Amino acid sequence: MSLQGQTAIITGAGSGIGRGTALRAAREGMHVVAVDVRNAEETVKEIVVAGGAATPVSLDVREPEGWRLLVEQTLEAHGSIAFLANVAGVVSLGADTAVEQTDEGWDRVIAINQTGTFYGMRAVMPAMIQSGGGAIVNVASVAGLVGMPNVFSYSASKGAVIAMSRQAATEFAKSGVRVNVICPGIIETPILGDITEELRTHCEAATPMGRLGAPDDIAAMAVQLARPESAFITGQVFPIDGGWTAQ
Ligand SMILES: NC(=O)c1ccc[n+]([C@@H]2O[C@H](COP(=O)([O-])OP(=O)(O)OC[C@H]3O[C@@H](n4cnc5c(N)ncnc54)[C@H](O)[C@@H]3O)[C@@H](O)[C@H]2O)c1
């Protein structure tokens, strides 16, 4: 029951939850393809210093041709892809309500969070199907499950990631490709720099554990879902949120 020697593609690997997931996957002995628009090299250096194997790739998840090349090169180098973690994501740069969100702001959040996840799945799934299976973990958010302030476009994108994942999980279950979703609560990463103080306070107060999560709280579950022992888990949504959505 090991991930040793298998290949993982992890987006958003330059920071936060994606970096944590890349480090964890590498510790399991996976070869990690660390994808981000920035700082993927730093993550790879950290993995290599710790004795792991990784390759940095500069890719904007909004670019389908970049995804195609990434998969082609990964298959050339490693033969198969066992694990895809779609972690890259953004929050809105401005006010994010149904009244204030702009066309551009909406398009950016949907393109990265929702369409980027679609492009990743579309690029990687044929190789997984051909090799008899694989695990995909898409990172959504509790904002895709419950209402909260100032995350209108973000909630829309994360709700779509949940729906897309369930659909693909059922469509491709017999091919051995498992698709699951993690919905983090509020996690201490650089993304919080973009959210309002009001929202941070709301999230802390709303968390029964009374604290923010750490990137590794999410990474641990992501890698667990990739393990062979998770073979009967697909189409599921896992809030990891200090009890927030249990209330
Ligand atoms: N931190 C939280 O509280 C929290 C809560 C719920 C969900 N999430 C989700 O977790 C995921 C990771 O977030 P994080 O907290 O680690 O944030 P982060 O900002 O630390 O990391 C996000 C990474 O995604 C990368 N990225 C952004 N746009 C990209 C693009 N177009 N192409 C490739 N890479 C891109 C960034 O460069 C960054 O390295 C996101 O999808 C986020 O929505 C985070």
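Read the numbers this way: they start at 1 and go in the same order the structure lists the ligands and their atoms. Quick note: numbers below take in every heavy atom, side chains included, and nothing from hydrogens, waters or symmetry partners. All figures in this text were calculated on a predicted structure; none of them were measured in a lab.
Listed by number with element, the atoms of ligand 1 under 4.0 angstrom from any heavy atom of V139 are 9 (C), 10 (O), 11 (C). Atoms of ligand 1 found under 4.0 Å from any heavy atom of D60, numbered from 1 in the order shown, are 30 (C), 31 (N), 32 (N). Within the listing of ligand 1, atoms 3 (O) sit less than 4.0 angstrom from a heavy atom of I186. Under a 4.0 Å criterion applied to the non-hydrogen atoms of L192, ligand 1 contributes the atoms 3 (O). Close approach of ligand 1 to G16 is summarised as follows: ligand atoms under 4.0 Å from at least one heavy atom of the residue are 16 (O), 20 (O). Atoms of ligand 1 found under 4.0 Å from any heavy atom of R38, numbered from 1 in the order shown, are 36 (C), 37 (O).
Closest heavy-atom approach to atom 27 (C) of ligand 1 among the candidates V57, N39, V90: V90. Proximity annotation for atom 7 (C) of ligand 1: of C203, A140, A219, A88, A140 comes nearest, heavy atoms only.
A donor-acceptor contact shorter than 3.5 Å is absent between the side chain of R24 and the backbone of A222. The closest donor-acceptor contact from the side chain of Q247 to the backbone of A206 lies under 3.5 Å. A distance-only check finds no donor-acceptor pair linking the side chain of D96 to the backbone of Q101 [under 3.5 Å]. Between the side chain of N113 and the main chain of G89, no donor-acceptor pair closer than 3.5 Å is present. In this structure, T7 contributes its side chain and H78 its backbone to no donor-acceptor pair below 3.5 Å. The closest donor-acceptor contact from the side chain of R19 to the backbone of E42 lies at 3.5 Å or more, if one exists at all. Of the possible donor and acceptor atoms, none in the side chain of T55 sits under 3.5 Å from a partner among the backbone N and O of V33.
The shortest N/O to N/O separation between V61 and ligand 1 falls below 3.5 Å. Between I17 and ligand 1, at least one N/O pair is under 3.5 Å apart. Any N or O atom pair closer than 3.5 Å counts here, and G14 shares no such pair with ligand 1.
When the options V71, T74, N86, L70 are evaluated for a side chain to side chain contact (heavy atoms under 4.5 Å, CB included) with V124, the one that passes is V71.
To the nearest 0.5 Å, atom CZ of residue R108 and atom OG of residue S92 are 7.0 Å apart.
For Q167, the CD atom sits in a packed shell: over 12 heavy atoms of surrounding residues, nucleotides or ligands are nearer than 6.0 Å. By the neighbour-count criterion of 12 heavy atoms within 6.0 Å, atom CD of E198 is sparsely surrounded, having that number or fewer from other residues, nucleotides or ligands.
Counting only heavy atoms of the protein, atom 8 (N) of ligand 1 lies nearest to Y154 OH, 3.4 Å. Nearest protein heavy-atom neighbour of atom 3 (O) of ligand 1: I187 N, 2.7 Å. Of the protein's non-hydrogen atoms, the one nearest atom 22 (C) of ligand 1 is G89 O, 3.8 Å. The protein non-hydrogen atom at the shortest distance from atom 20 (O) of ligand 1 is S15 OG, 2.5 Å. When only non-hydrogen protein atoms are considered, atom 5 (C) of ligand 1 lies nearest to G185 O, 2.9 Å. The protein atom (non-hydrogen) at minimum distance from atom 37 (O) of ligand 1 is D36 OD1, 2.6 Å. Counting only heavy atoms of the protein, atom 12 (C) of ligand 1 lies nearest to V87 O, 3.3 Å. Here the protein heavy atom with the shortest distance to atom 33 (C) of ligand 1 is L59 O, 3.3 Å.
Between T234 and V177, the shortest heavy-atom contact is OG1-O, 4.2 Å.
Contacts with ligand 1 closer than 4.0 Å are made by no heavy atom of C183, backbone or side chain. Only the side chain of K158 comes within 4.0 Å of ligand 1, judged by heavy-atom distances. At a 4.0 Å heavy-atom cut-off, ligand 1 touches V37 through backbone and side chain alike.
At least one heavy atom of P190 sits under 4.0 Å from some atom of ligand 1.
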**OP:** Mind running side chain to side chain donor-acceptor pair (under 3.5 Å) on T117 and N138 for me, showing each step along the way?
**Re:** CA-CA 7 Å; T117 298; N138 294 325; 5.1 Å; no

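Contact annotation: the side chain of I233 approaches that of F238 to within less than 4.5 Å [non-hydrogen atoms, C-beta and beyond].
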